[in-house]
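Atom set for the values below is all heavy atoms of this structure, side chains included, hydrogens, waters and symmetry mates excluded. Below, chains carry the letters A, B, ... as their sequence lines are ordered, and counting in each starts from 1.
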Protein chains: 2
Amino acid sequence: MAGIKEVAEEAGVSTATVSRALRGLQHVNDATRSKIIAAAEKLDYPLTPVRSNAAQGRTNSVGVVAPYISRWYFSQVINGAEQALREAGLDLLLYNFSAMKGRERLFQHQLLKGRVDALIVISLPPTEEEFNSMLSLGIPIALVGMEHPECASIKIDDVGGARTATQHLVNQGHKKIGLMSGRPDDPFNFSVPQDRRKGFMSVLAENGLEWLPSREVHGDFTMHTASRAMDDLLARPDRPTAIFCESDEMAMGAMQALRRHGLKTPEDISIVGFDGHEMAEFSELTTIEQPVQLMGEMAAWSIMERLRKPNVIAPSLVLPTTLVVRNTTRRLTVAEQGL
Amino acid sequence: MAGIKEVAEEAGVSTATVSRALRGLQHVNDATRSKIIAAAEKLDYPLTPVRSNAAQGRTNSVGVVAPYISRWYFSQVINGAEQALREAGLDLLLYNFSAMKGRERLFQHQLLKGRVDALIVISLPPTEEEFNSMLSLGIPIALVGMEHPECASIKIDDVGGARTATQHLVNQGHKKIGLMSGRPDDPFNFSVPQDRRKGFMSVLAENGLEWLPSREVHGDFTMHTASRAMDDLLARPDRPTAIFCESDEMAMGAMQALRRHGLKTPEDISIVGFDGHEMAEFSELTTIEQPVQLMGEMAAWSIMERLRKPNVIAPSLVLPTTLVVRNTTRRLTVAEQGL
DNA sequence: GTGAAAGCGCTAACAG
DNA sequence: CTGTTAGCGCTTTCAC
């Protein structure tokens, strides 16, 4: 493997000049630069060297930390981040932290330490202690789907999105509205389920609609549990005419359960989801879309900006969500509303 | 940030000894080692340093290259690889190569060069030229879902899996069997669609079943196109009684189309998928499961083995698939078979 | 067992 | 503009 030295020799210059030329720095004669680039290409030397980070104290890579990497939401965000980082010539180091348990999690910063120039943390609800551990790394951190006073953050307005979804149902004349929410005993203390639930409840209250605890069931944001939870709900008396599901996957699960029970959507029960999962489009699911990929990209841009100017304070961005009305919700007839 | 020097000072030894002790090398007094570890922990120094790769010519990280990173199959494989690599203390660098076009793809090896110790390439059908470019990096390469004489490879028997799926249909008395296959003009020249198609055809032939080209439609392995393709198929005369779909996502799309047309599965048409997507379980889809995560893990193990002993030749592994019978296939009655 | 010293491949500071 | 000279933080001889 050719090194900078060989290139320097081949081009008849010093290694320092090669370094400067290849990194596009100023104060290099165009002719010299051309000569060097030619030599580098001839010797198959990377245009943008990374072999030794010792000299500049940078790794040219950013860590992406997430509790899952194969679930829809996370893989989308990662995908967005990857693209933005690659364009900027930064590498993406993947860290799945859910797989780690107990003691290992405590040593997160040991894993990260010195390996990355910055961190993108996706919906990983860390303890305050873990957070401090990350902050103590002294590198820029961007949070996706969370907030913290000392970090940049990219998120959506979960409360607002849930409000829009619920209001949509109310506008269609629904009065008995059910809720498929995240588990109250969620192992991670995501704020997402709480926020979406809060938005839901507030709209109900504002419209003077009665809330019955028997209209709520819980899932863990997967189709499977949602489907089972729906069985539960359907077995109860005074069935809702519409249900807000806190995620598209849970909505899909709910719909599957309805089918199993011989019920139709939206004829028998209207369903609204939340996320904008690709499956939603295909299943004609009415849902609240969030710009998942974009969140990853923006997180990447955010840290790259801070890498450039370490002093600017980290912005906290709230991205918009969109109500996409498809075919799983319908307006109740006046007669039905009277029931 | 504490460096090896500080630790050495704190422990009252030389940097060389610290280096040896922390990496678990021999010829270090146990007492000294303890002292050093204590010092390192006190100063919050990474147990396993990576700051400077210059001295050892290693990066301690492996690249994972894939055409998509958010699709189910790929994210599962990546997930498996991540876990195995992390356990071994190796970092995972993510490279999404589908996003790159034209000239950039040619320079793949420039991106990779010197940044990774090894490569895991997932179902990325490269041109021979691109392959050579990767091989010329001179690092261990493990292929997932592909084969090449000079690389380790982990794959499943796609032909065999498709045969099992098709045979299952035949055993149930189906004679008019349709096929939902990948696009013949696939942008990537995956061997997967070809292999699965081949398996399908061979079973039909062996059982003396007539094959009508009108019974085949194409999708691009997504639900969306599969659903549309199914519309097509259903509009044709002499409808099949069963369909083998080359992927679970396409099977889901097909089933959605059937529902739209008021048809039921398996009463009206039986469906078999391929993959073992989590959705499949939830939708009661009969399918061929492949061990996706495991493939990622094994790819990681394979390269780690070769990193240790560079001379052993790369093995080519074929992992087993399993037919999982659920509720989208049924046995035809004798009367139905006679039709 | 341990330390001193010489690199690893590259960048940065300073001359010229 | 370019070369020289120090490092960067760590590993690896090679003595002791």
Side-chain angles (χ1 to χ4, degrees), chain A residues 1-37 39-40 43-61 89 91 110 112-117 137-139 307, chain B residues 1-37 39-40 43-61 89 91 110 112-117 137-138:
Chain A
M1 276 218 194
I4 202 176
K5 226 178 306 193
E6 283 75 28
V7 178
E9 196 174 345
E10 173 77 23
V13 296
S14 75
T15 59
T17 308
V18 173
S19 174
R20 278 190 290 254
L22 257 25
R23 285 181 306 151
L25 298 190
Q26 306 171 323
H27 307 298
V28 181
N29 188 342
D30 276 355
T32 315
R33 194 190 297 272
S34 310
K35 220 170 22 181
I36 292 173
I37 291 182
L43 296 180
D44 199 45
Y45 179 83
L47 296 328
T48 163
V50 256
R51 297 267 197 81
S52 181
N53 49 26
Q56 72 182 356
R58 283 155 147 283
T59 62
N60 269 312
S61 51
D91 274 332
Q110 296 290 22
L112 266 11
K113 184 147 221 189
R115 308 200 134 190
V116 296
D117 294 341
L137 290 171
I139 56 178
L307 243 21
Chain B
M1 275 218 194
I4 200 175
K5 225 176 313 195
E6 283 75 29
V7 178
E9 196 175 345
E10 172 78 24
V13 295
S14 77
T15 59
T17 308
V18 173
S19 174
R20 277 190 290 254
L22 257 25
R23 286 181 307 150
L25 298 190
Q26 305 172 325
H27 305 298
V28 181
N29 189 341
D30 276 354
T32 315
R33 195 190 298 272
S34 311
K35 220 170 21 180
I36 292 174
I37 291 182
L43 296 181
D44 197 45
Y45 178 84
L47 296 329
T48 162
V50 256
R51 299 266 196 83
S52 182
N53 50 27
Q56 73 181 353
R58 283 155 147 282
T59 62
N60 270 311
S61 51
D91 274 331
Q110 295 291 21
L112 266 12
K113 184 146 220 190
R115 308 201 133 191
V116 296
D117 294 342
L137 289 171

Round to a whole Å and report the spacing from [atom1] of [X] to [atom2] of [N].
X     : N      : atom1 : atom2 : result
B/E9  : C/dG3  : CD    : P     : 13 Å
B/L47 : D/dC10 : CG    : C1'   : 16 Å
B/H27 : D/dT11 : NE2   : P     : 17 Å

Base, sugar-phosphate alone, or nothing: which one does A/V13 contact when heavy atoms must sit under 4.0 Å apart? sugar-phosphate
[atom1]/[X] to [atom2]/[Y] distance, rounded to the nearest 0.5 angstrom?
X      : Y      : atom1 : atom2 : result
A/Q26  : A/R20  : CD    : CZ    : 12.0 Å
A/R115 : A/N53  : CZ    : CG    : 11.0 Å
A/L47  : B/K113 : CG    : NZ    : 10.5 Å
A/I4   : A/T17  : CD1   : OG1   : 9.0 Å

Taking B/R23 for the side chain and B/S19 for the main chain, is one N or O donor matched with an acceptor at less than 3.5 Å? yes
Short N/O separations, protein against nucleotides 6-10 of chain C, under 3.5 angstrom:
{"residue": "C/dC8", "atom": "O2", "partner": "B/A55", "partner atom": "N", "Å": "2.8"}
{"residue": "C/dG9", "atom": "N2", "partner": "A/S52", "partner atom": "OG", "Å": "2.8"}
{"residue": "C/dG9", "atom": "N3", "partner": "A/S52", "partner atom": "OG", "Å": "3.2"}
{"residue": "C/dC10", "atom": "OP1", "partner": "A/Y45", "partner atom": "OH", "Å": "2.8"}
{"residue": "C/dC10", "atom": "OP2", "partner": "A/I4", "partner atom": "N", "Å": "2.4"}

Residue A/E9 excluded, over 12 heavy atoms near CD under 6.0 Å: no
Atom pairs under 3.5 Å, N or O on each side, protein against nucleotides 14-16 of chain D: can you list them with distances?
none

Tell me every residue that passes side chain to side chain contact (heavy atoms under 4.5 Å, CB included) with A/S34, counting only those two or more places apart in sequence or in another chain.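 A/S34 satisfies side chain to side chain contact (heavy atoms under 4.5 Å, CB included) with no residue once adjacent residues are dropped.
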Earlier contact from the 5' end, DNA chain C, for B/T17 and A/L25: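 Its nearest nucleotide being more 5', the pick is B/T17.
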Before you tell me yes or no, could you show the steps for A/T59 and A/D117 under side chain to side chain donor-acceptor pair (under 3.5 Å), namely the whole-Å CA-CA distance, both residues' side-chain angles and the distance that decides it to 0.1 Å? CA-CA 6 Å; A/T59 62; A/D117 294 341; 3.0 Å; yes
